[in-house]
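Reading through the structure tokens given below for one structure.
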Amino acid sequence: MAIEIQIKEIAIDAIEKLYGQKVSPEIVQVQQTRKDQKGDFTLVVFPLLKFSGKKPEETGNEIGLYISNNLNFIGSFEVIKGFLNFSLLHSFWLTRLNEINSDTQFGFKPVTDQSPQMMIEYSSPNTNKPLHLGHIRNNLLGFSLSRIAKANGYKVVKTNIVNDRGIHICKSMLAWEKWGNGLTPQTSGKKGDHLVGEFYVKFDQHYKNEINTLINSGLSKEDAEKKSSLMAQAREMLLKWEAGDKKVVQLWEMMNSWVYEGFAETYKALGVDFDKIYYESQTYSTGREMVLEGLKNNLFLRKSDGSVWVDLTDKGLDEKLLLRSDGTSVYITQDIGTAKLRFDDFAIDKMIYVVGNEQDYHFKVLSWVLDRLGFKWGKDLFHFSYGMVELPEGKMKSREGTVVDADDLISEMIITAREMSGELGKLDGYSTEEAEQVFKVIALGALKYFMLKVDPKKNMTFNPKESIDFNGNTGPFIQYTYARIQSVFRKAALKEIIWNGTAPVNVGLNDKEKNLLLSVSNLGNVIGEAGNSYSPALIANYVYDLAKEFNQFYHESTILFEENEQIRNVRLAICKAVGSTISKSMYLLGIDVPERM
RNA sequence: GGUCCGGUAGCUCAGCUGGAUAGAGCAAUAGCCUUCUAAGCUAUGGGUCAGGGGUUCGAAUCCCUUCCGGAUCACCA
């Protein structure tokens, strides 16, 4: 049981015994003592004064005495300005340290057949262009969430819905037919998703030219858009696709397969993966059937033009279109179908969608529509909404060429890591391949940590030139701390220092050592909290604090040069616990830690 | 206009189930590599926690309000 809770329970006892009053638990606040004060845990006395009817000093001392008499791990206590500070016995901390070190799953809950199942949807790309910075945030969040959920005892299914059909991919297809000259990823030497993306851009350019020409010939912008022959051809292609036209479907399959090869490469570089991928092309008709069935059951309404709507005004939302007047499906239709297929495929207890906050409204609607269709999980679906990634100049705009491409970014990061490592020259004993592997780990560590340490719901600014640093509050700093610890153990072996892996419990601890133990101990709780609040950022910030504290400790204290064997063993045990905690936390963020760097 | 989300140091961000003197990093300045990795450590400067009101022994944190920024309210996805 967490120490805070133990103190709290005894405190409640104390008030009843001392003052004859029953207090509710939320009034009793136990927290960690501020770093600049003596003590480990603090009971806030102010709210208890009305029960004691005495001054803060006196009340604190009475309760403090009761608690230290009833909890065997309290070493001493003092009352400062209405705060009752407890110092715990060193032996308690050291016992705790040994417990942590002997528990390889410390902080992680086991997953069994009986565990609830959680499905997490993330990534969800369109197949007409390559992944960009925004997708990176999505993928990293989704992947990290899946690991956090698993550490909290969920069976996790990672899923992806690929938006592989629709007008957008038809635009790329049409451009390729018109101006592609049979170009393929092989003949062009380009990554498949980038190639297809280029044709999407090409379509857009030609379309704009066409519109401008029409406008110059005297048409209004609206009429020009209606008269555009390129757009008409793209639409026609979509209709042919829906009708199963052989040639169109073949082209579609070919170009999508290029994109998938490209995506696979990016996903691999990012280190994310999926257990089950759904394709919109396979789910949208199910969605349409469900809407029509709902219409039959009077859950939805059909307007005079034939379009189908859901009225959610009673939920504070608007009317929302579910099927177009021509009977074709819209964006949400596909999500309805996908949801049904998923729940048919898996016994899902909890469904999480990792999707940007521009779709907050969409998911509110989806939730109610599914509820109305009779799915008991509809109301409970969880939209993990995250903010946009912006550039210093503002939003990314493909039109202005300010989109930061995922692949470009990753390779630039690796180049920077390589240069920096070269300058520092610490990997001199490594082969080229080994060193290259470490550069990748560091580069990705920097990128991932940067994206994950920010509160997901906030928009974040990404400065391509300055943002990603390798110093300070960064992934590499934490990785570095881990590498240092590993180095200590390598050196210990070289020096033939014999250590049985445990800390002696009869040794005193200095403040830094105690703080490190506290931080390690906390991370166990934080992992659970992160599971409830779904926040990789929580873990990221805690693990940074731990790494920072360790680096300070490392500079202030000797470890292997410590002559007192007992103290040396305590410090080695702390190194072990910190290293293992860092690696577990980073694992939850999807970040690897190197043995050397 | 309705709804939702944000506003904390020059910049990027923590802290938000109310607690002690609001924290990091970057940037700036000054130190520290013949001791376990200097991607590090130490020190200095930097704040009307957007403004105003309220609740409270106590507010960056909760409530109300104003201002600023973003998102959304499509037969787009």
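Here is the naming used below: chain letters follow the sequence lines, and residue numbers restart at 1 for every chain.
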Would you say the base of rA20(B) and the side-chain of Asn85(A) have a donor-acceptor pair closer than 3.5 Å? yes
Please give the distance between the C1' atoms of rG46(B) and rA38(B) as a whole number of Å. 26 Å
Rounded to whole Å, the CG-P distance (Asp36(A) to rA24(B)) equals 11 Å
Tyr480(A) has a side chain; which of rC36(B), rA38(B), rG70(B) sits nearest to it? rA38(B)
Are Tyr544(A) and Tyr449(A) close enough that their ring centres sit under 6.0 Å apart? no
Looking at Asn463(A), I'd like to know whether one of its side-chain N or O atoms comes within less than 4.0 Å of OP1 or OP2 on rU12(B). no
Between rG51(B) and rA59(B) - C1' atom distance, rounded Å: 16 Å
Tell me whether the ring of Tyr554(A) lies stacked over the rG40(B) base, given a 5.5 Å limit on centroids and a 30° limit on the plane angle. no
Say you pick atom P in rC49(B) and the same atom in rG23(B); how far apart are they, in whole Å? 14 Å
Whole-angstrom distance between rC62(B) and rG6(B), as gauged at atom P: 10 Å
Pairwise P distance for rG53(B) and rA60(B), with rounding to whole Å: 14 Å
Sugar-phosphate means primed atoms, P, OP1 and OP2; the rest is base. With that split, encode nucleotides 54-64 of chain B 5' to 3' as B, S or - using protein heavy atoms under 4.0 Å. ---B-------
Nearest whole angstrom, please: distance from the P of rU37(B) to the CD1 of Ile559(A). 9 Å
Give me the distance, rounded to whole Å, that separates rG19(B) from rU55(B) when you measure between the C1' atoms they each carry. 16 Å
Give the nucleotide from the list rG19(B), rC36(B), rA71(B) with an atom nearest to the side chain of Met388(A). rA71(B)
How would you list, by chain and number, every residue that makes a side chain to side chain contact (heavy atoms under 4.5 Å, CB included) with Ile80(A), sequence neighbours excluded? Gln37(A), Glu78(A), Asn85(A)
Starting from the C-alpha separation in whole Å, work towards a yes-or-no answer on ring pair (Phe, Tyr, Trp, His ring centres under 6.0 Å) for Phe462(A) and Phe450(A). CA-CA 9 Å; Phe462(A) 178 86; Phe450(A) 183 82; 5.7 Å; yes
Row check, Tyr284(A) ring normal vs Arg165(A) NZ/CZ: under 6.0 Å, within 45°: yes
Paired to rU17(B) by Watson-Crick or G-U wobble criteria (both distances under 3.5 Å) is none
Which of these nucleotides, rG40(B), rA71(B), rA20(B), is closest to any side-chain atom of Gln37(A)? rA20(B)
If you compare every side-chain N and O of Lys548(A) against the phosphate oxygens of rG23(B) (OP1, OP2), does one of them come in below 4.0 Å? no
Determine the Euclidean distance between corresponding P atoms of rC41(B) and rG25(B); express it in Å to zero decimal places. 8 Å
Is a side-chain N or O of Thr558(A) found less than 3.5 angstrom from the main chain of Phe561(A), in a donor-acceptor match? no
Looking only at rG70(B), rA14(B), rU12(B), the nucleotide nearest the Asp455(A) side chain is rA14(B)
Classify the ring geometry of Phe203(A) against Tyr207(A): parallel below 30°, tilted from 30° to 60°, perpendicular beyond 60°. parallel
Aromatic rings Phe363(A) and Tyr353(A): how do their planes relate, parallel, tilted or perpendicular, breaks at 30° and 60°? tilted
Searching all strands shown, indicate the nucleotide that pairs with rU48(B) (Watson-Crick or G-U wobble; both distances under 3.5 Å). none
State the pairing partner of rU55(B); accept Watson-Crick or G-U wobble contacts with both distances under 3.5 Å, and report none otherwise. none
If pairing requires Watson-Crick or G-U wobble contacts with both distances under 3.5 Å, which nucleotide is the partner of rC67(B)? rG7(B)
With a 4.0 Å limit, can you tell me whether Lys453(A) has a side-chain N or O closer than that to the phosphate oxygens OP1/OP2 of rA14(B)? no
Is there a Watson-Crick or G-U wobble partner for rG31(B) with both distances under 3.5 Å, and which nucleotide is it? rC41(B)
Between Glu436(A) and Arg418(A), does any side-chain N to carboxylate O distance fall below 4.0 Å? yes
What's the gap between rU35(B) and rG18(B) when it is taken at their C1' atoms, as a whole Å value? 47 Å
